[in-house]
Amino acid sequence: MLSHKQIELKLQAAVRDILPDADVSAVLVRPCDPKFGDYQSNALMSLAKTRKLNPRQLATEVLAKLEVSETCETVEIAGAGFLNFRLKNSVLTQSLEAAARGEHLFFEKTASPKTVVIDFSSPNVAKPMHVGHIRSTGIGDALQRTWRLLGHRVITDNHIGDWGTQFGKLLLGWKQALDRAALERDAITELERLYKVINAECDANPERLEEAKAELVKLQAGDAENHSIWEEMIRLSQIQFDAIYARLGVKFDHALGESFYNRWLGEVVNDLLHRGIARESEGAVGVFSDGSLPPKEDPFLVNRDGEWIDDPALVRKSDGGFNYTTTDLATIDYRLKTWSPDEIIYVVDDRQGPHFKKLFIIFTRWQPDRAKKVKLVHAGFGKILGDDGKPFKTRSGDTVKLSDLLVEAEERAFKIVSEKNAELPEAERREIARVIGIGAVKYADLLPNRQSDYIFSWDKMLALQGNTAPYLLYAYARIRSIFRKAAESSAIQLPTTNIQLSAPEEFRLARHLVNFGLTLEAVADELRPNYLCNYLFELAGKFTSFYENCPVLKAGDAATRASRLALCDLTARVLKQGLETLGIATVEQM
RNA sequence: GCGCGCGUAGCUCAAUUGGAUAGAGCGUCAGCCUCCGAAGCUGAAGGUUGUGGGUUCAACCCCCGCCGCGCGCACCA
């Protein structure tokens with residue numbers, strides 16, 4: 001078991017001894033400033049607070065019952081009632097040696113695996129994937145990798161936008177303005193062009209709009225021709241999606257698009273009507289406030305000129321069509337029926353926050369018993385901005401296509417790699433540039449706090465200094481280089497190596513290595529891959545300090561050499577595993 | 001207008017959600033390559049966390065007011 005977990009359990013036991021009725025689930029330890037120790041717990045202060053106890057007094061009592069001599073050198077009470085723990089050096093080295101033997105890599109599988117559905121990426125048929133999709137795709141993929149690594153059962157589902165009113169216009173465009181040759185060359189661009197042409201015509205001419213609506217009605221009614229055109233558009237789009245996902249190294253267990261749920265939408269609405277959850281209004285059907293929440297917190301109410309008026313979620317339009325709320329309700333229903341998840345996580349733009357708020361409430365009203373058994377979570381994220389602080393666009397003002405972005409990333413990386421490694425064959429430089437370019441884009445997207453907007457900058461993400469993918473990849477490549485060099489001279493038996501820590505840089509590196517698992521758990525708990533980014537950046541920094549100050553291959557004696565090589569190896573493995581968990585590949589040299 | 005979100009070093013961002021002296025990178029300044037990859041490392045300067053109050057052992061974080069910016073406001077998703 002990981003050391004911090006052992007401490008946590010002992011601490012919880014001690015707290016239960018003193019306060020038998022306390023909820024100890026919040027009694028946790030966290031890594032802390034090295035001047036205080038390795039781990040800190042501030043839990044006793046809040047416990048003391050709610051019980052009106054003297055916090056230092058409580059800490060003293062708990063400390064008397066605390067038996068952590070196996071793992072800790074010292075435990076101290078500090079400040080207002082912190083407990084500071086310092087690990088024994090022997091515990092540290094034992095953990096490193098076990099990792100060197102391959103018994104673990106500083107994390108462990110969860111004791112209570114959950115089933116979790118993660119819904120991310122969700123591109124639209126007949127539209128190019130654009131820069132915005134990188135966020136949902138990258139964050140979603142990093143989260144699913146983290147949950148899986150920790151031993152949870154993960155189901156990824158790409159909720160593709162393959163249905164909706166846009167198909168009326170697309171069908172009309174396909175029938176009247178399709179350029180076959182252009183479709184052969186670049187299907188998505190041609191489909192996008194068709195949409196724009198017809199959309200402009202519809203804006204100018206109401207008759208065209210009626211024609212488009214008629215095409216949509218025919219599609220929805222199962223018209224054979226329209227249906228086969230629609231299928232063709234999906235097929236062509238899927239080729240685009242597959243190409244991009246292959247490039248990004250992203251896979252899904254399922255890709256059940258919106259259209260998959262069509263068969264149930266009528267039932268959903270009828271059931272909502274029947275149960276009195278939805279009602280008719282102005283020809284449409286919507287879900288309204290049930291008055292159970294104060295108006296300020298009620299997403300189904302909006303204040304207009306001092307009065308609270310209805311802001312319903314529509315589940316059927318006045319023309320009989322359905323909205324995405326309906327589809328999303330059917331989707332939750334299907335997912336619960338099919339996979340019985342403990343949790344469903346939606347990695348979707350923050351702007352859809354109000355939608356999910358309503359959606360989750362409606363589902364809870366619709367199926368209260370099943371809703372109790374599942375946690376529905378909207379993991380929202382912010383926008384990508386240009387350096388002018390406005391949404392990231394091309395120079396001509398169009399949205400940036402994801403495929404163009406990835407091409408440019410690789411090209412820019414190739415230029416840099418070629419400058420630094422002119423001697424490498426071009427094929428190798430291409431491959432290194434591919435990994436660096438894609439990795440840089442992904443990493444730059446995962447690094448900021450999920451919910452904040454961030455400014456897109458090629459120079460920053462591809463820089464080799466600072467908190468970037470190239471910096472981490474460089475640290476990894478340097479370590480691999482040590483082993484290439486080591487292989488020339490001597491045979492190294494890492495798994496049987498004794499770890500000896502003496503230099504302060506060795507200790508700092510070692511203490512950071514053992515916190516890998518704790519970081520992974522924080523990522524999964526809070527759905528924040530940026531914790532892992534920062535962990536890896538610090539790891540690379542601590543490694544380079546170690547490397548600058550502690551000769552490895554040139555160490556005086558064989559035992560030190562072997563021990564330091566083992567530290568190098570462990571660092572490389574954690575870096576590689578960590579990057580992989582972020583969906584980023586590594587290179588042996590760069 | 002109403003609601004939601006944001007405001008942290010010159011710039012770009014963190015701060016494990018109420019914990020200890022708010023941290024990085026870029027930029028600036030000063031150092032380090034006859035020495036395992038200098039695409040690197042070390043150090044310095046830089047902050048009233050938009051602003052005014054409040055809550056408490058403790059506030060960037062919670063509450064109230066104000067200022068500024070962004071987003072959203074039924075039959076698109």
Side-chain angles (χ1 to χ4, degrees), chain A residues 30-33 35-36 40 42 45-46 48-49 54-56 78-82 84 122 124 161 164-166 258 281-286 296 299 301-319 321-325 327-328 348-355 357 380 382-383 385 387 389-390 416-417 419-421 447-449 451-455 457 459-460 463-468 470-471 473-475 477-479 481-482 485-486 518-519 521-523 525-526 528 530-531 533-534 537-538 541 544-545 547-549 551-555 568 589-590:
Chain A
R30 302 230 173 273
C32 69
D33 191 316
K35 71 180 172 241
F36 296 125
Q40 157 269 121
N42 54 44
M45 289 181 283
S46 46
K49 174 135 194 146
N54 177 324
R56 285 195 66 111
F82 291 90
N84 292 333
S122 315
N124 291 311
T165 47
Q166 74 271 26
E258 293 171 348
S281 169
E282 296 171 33
V285 176
K296 270 196 87 161
L301 292 177
V302 60
N303 191 308
R304 197 146 296 165
D305 302 325
E307 253 183 89
W308 293 102
I309 61 167
D310 287 319
D311 183 25
L314 297 190
V315 290
R316 195 169 74 199
K317 299 188 280 185
S318 53
D319 69 1
F322 301 102
N323 302 71
Y324 76 144
T325 301
T327 310
D328 282 354
V348 180
D349 192 328
D350 256 334
R351 280 173 291 194
Q352 292 197 34
H355 163 66
K357 213 167 173 181
K383 296 184 290 291
L385 308 176
D387 49 20
K390 292 184 178 154
I416 297 170
V417 170
E419 269 171 35
K420 306 285 183 187
N421 301 284
L447 178 63
N449 183 319
Q451 280 153 319
S452 46
D453 296 346
Y454 75 92
I455 293 181
S457 161
D459 292 340
K460 288 208 167 100
L464 296 134
Q465 61 275 61
N467 196 346
T468 65
Y471 174 83
L473 293 171
Y474 177 67
R478 274 175 107 178
I479 301 175
S481 158
I482 297 168
K485 190 142 286 182
L518 189 143
T519 306
E521 283 167 21
V523 171
D525 285 348
E526 300 186 29
R528 293 195 186 283
N530 64 313
Y531 291 164
C533 296
N534 286 315
F537 178 61
E538 281 176 36
T544 5
S545 297
Y547 183 73
E548 297 278 330
N549 289 288
V552 178
L553 298 176
K554 295 183 177 173
C568 290
Q589 54 180 321
M590 61 185 273

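All values reported here derive from a predicted model rather than from experimental measurement. Every chain is numbered from 1 and lettered A, B, ... according to where its sequence line falls, protein lines coming before strand lines.
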From the candidates B:U21, B:C36, B:C57, the one with an atom nearest any side-chain atom of A:Ala80 is B:C57

Syn or anti for B:C61, with syn set at within 90° of 0? anti

When only distance counts, do a donor and an acceptor, one from the side chain of A:Glu258 and one from the base of B:A77, lie under 3.5 Å apart? no

If you only use heavy atoms from C-beta on, which nucleotide in B:C75, B:C13, B:A20 is closest to the side chain of A:Asn84? B:A20

Closest approach to the side chain of A:Lys49, judged atom by atom: which nucleotide of B:C13, B:U56, B:G19 is it? B:U56

So, using side chain to side chain contact (heavy atoms under 4.5 Å, CB included) as the criterion, who are the partners of A:Ile455 when residues are at least two apart? A:Leu385, A:Asp387

Picking from B:C36, B:G37, B:A14, the nucleotide nearest the side-chain atoms of A:Gln589 would be B:G37

Dot-bracket notation for RNA chain B is requested: 5' to 3', Watson-Crick or G-U wobble pairs only, both distances under 3.5 Å, with ( ), [ ], | and . as defined. (((((((..((((.....[...)))).(((((.......))))).....(((((..]....))))))))))))....

Options B:U17, B:A74, B:C76, nucleotide nearest the side-chain atoms of A:Thr165: B:C76

Which whole number of Å gives the distance between the C1' atom of B:G46 and that of B:U12? 15 Å

Grab the N/O contacts between the protein and nucleotides 3-9 of chain B below 3.5 Å, and write none if there aren't any.
none

Looking at the base of B:A74, is there any donor atom on it, or on the side chain of A:Ser281, that sits under 3.5 Å from an acceptor on the other one? yes

Closest of B:U17, B:U21, B:A14 to the A:Arg528 side chain is B:U17

Are A:Phe36 and A:Phe82 close enough that their ring centres sit under 6.0 Å apart? no

With sequence neighbours left out, the residues meeting salt bridge (Lys or Arg N to Asp or Glu O under 4.0 Å) with A:Glu548 are A:Arg478

Counting side-chain heavy atoms from C-beta on, which of B:U16, B:A15, B:G72 comes nearest to A:Arg351? B:G72

Taking salt bridge (Lys or Arg N to Asp or Glu O under 4.0 Å) as the definition, give me every residue that meets it alongside A:Lys383, ordered by chain and number, with sequence neighbours left out. A:Asp453

Regarding A:Asn449, tell me which of base, sugar-phosphate or nothing describes its non-hydrogen contacts under 4.0 Å with the strands shown. sugar-phosphate

Nearest of B:A14, B:U16, B:A77 to any side-chain atom of A:Asn323? B:A77

Expressed in whole Å, how much space separates the P atoms belonging to B:C61 and B:G52? 13 Å

Do any N or O atoms of the protein come closer than 3.5 Å to N or O atoms of nucleotides 38-45 of chain B, and which pairs are they?
from	atom 1	to	atom 2	distance (Å)
B:A38	OP2	A:Arg478	NH2	2.6
B:A39	N6	A:Asn421	OD1	3.2
B:A39	N6	A:Asn421	ND2	2.3
B:A39	N6	A:Met590	O	2.8
B:G40	OP1	A:Leu464	O	2.4
B:G40	OP1	A:Gln465	N	3.2
B:G40	O2'	A:Arg478	NH1	3.0
B:G40	O2'	A:Glu548	OE2	3.4
B:C41	OP1	A:Tyr471	OH	2.8
B:U42	OP1	A:Ser545	OG	3.1

A:Leu314 side chain, from C-beta outward: closest of B:C75, B:U17, B:G37: B:C75

Can you tell me, in whole Å, how much space there is between the P of B:U34 and that of B:U48? 42 Å

Atom pair distance, as rounded to whole Å: CG in A:Asp311 and P in B:C2: 16 Å

Testing B:C57, B:C35, B:C75 for proximity to the side chain of A:Met45, the answer is B:C57

